[in-house]
Amino acid sequence: MPLVGPEDRLPGCPKRILVAGTSGSGKTTLASRIGTLLGIEHVEIDGLYHGPNWTPREQFLVDVTTFSSAPRWVTEWQYRSVRDLLADEADLLVWLDLSRGTVMRQVIVRTVQRRLGRKVLWNGNIEPPLHTFFSDRDHIVRWAWNTHRTSALRIAALRDRRPDLTIVRLRTHADIERWIAGPLQTRA
């Protein structure tokens, strides 16, 4: 199936859905909305991956294997160690292909709000001090900047590997809203 846009009909009612995009693109927010609209469990994959002190959880692969074998779910398409597993089980991938500028605004605002509010994330983690942007090459804002172009490469490789997988490409917030109000609702 070719890439489809925000107004193109879906070939069926999706039951196993991935949301792809760079860090800060809004994957978790959209996955949660899709789950609510379709009555499908949203599994926040960051919560499965991150243990205390930002260490990877030993059970991550087992947890992903377990939920991905269920008949209905929605999650974010990330973490190299499970991307193929998730893609093999999915029947729809939604690609948030937002501009670098949009992503950077979103990830900076989110990071600052989380840090200043000391929002507790997965397994007790909080965003590191803002000054670590300058010293940590994997700081989430730097990560989003440096990996923005890799989403398109991953999608291209996935299209070669899974030509049967429907991929919805959404390039703007307006596209997201049109898709949710249109093709996603007509399949719900």
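Residues Asp63 and Tyr49 bring no donor and acceptor atom of their side chains to less than 3.5 Å of each other. Ser135 and Thr132 share no donor-acceptor pair across their side chains, judged by distance under 3.5 Å alone.
Following chains of ILVMFWY side-chain contacts shorter than 4.5 Å, one can reach Trp179 starting from Leu37, so the two form part of one hydrophobic cluster.
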Show the atom names and distances, to 0.1 Å, of all donor-acceptor pairs under 3.5 Å that link a side chain in residues 115-124 to residues at least two apart or in another chain.
unit_1	atom_1	unit_2	atom_2	d
Arg115	NH1	Glu127	O	2.7
Trp122	NE1	Glu44	OE2	3.0
Asn123	ND2	His50	O	2.4

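Distance alone, capped at 3.5 Å, is enough to place a donor-acceptor pair between the Thr66 side chain and the Val62 backbone. The backbone N or O of Leu170 lies less than 3.5 Å from no partner atom in the side chain of Trp95, so there is not a single donor-acceptor pair. Without hydrogens or angle criteria, Thr102 side chain to Leu98 main chain gives no donor-acceptor distance under 3.5 Å. In this structure, the side chain of Arg72 does not engage the main chain of Arg16 through any donor-acceptor pair within 3.5 Å.
Side-chain contact check for Leu184 versus Leu38: some heavy-atom pair is nearer than 4.5 Å.
In this structure, Arg169 pairs ionically with Asp97, as a charged nitrogen and a carboxylate oxygen lie closer than 4.0 Å.
The line from CG of Leu153 to CD1 of Ile155 is 10.0 Å long, rounded to the nearest 0.5 Å.
Annotation: side chain to side chain contact (heavy atoms under 4.5 Å, CB included) contacts of Thr147 (sequence neighbours excluded): Thr22, Trp143, Thr150.
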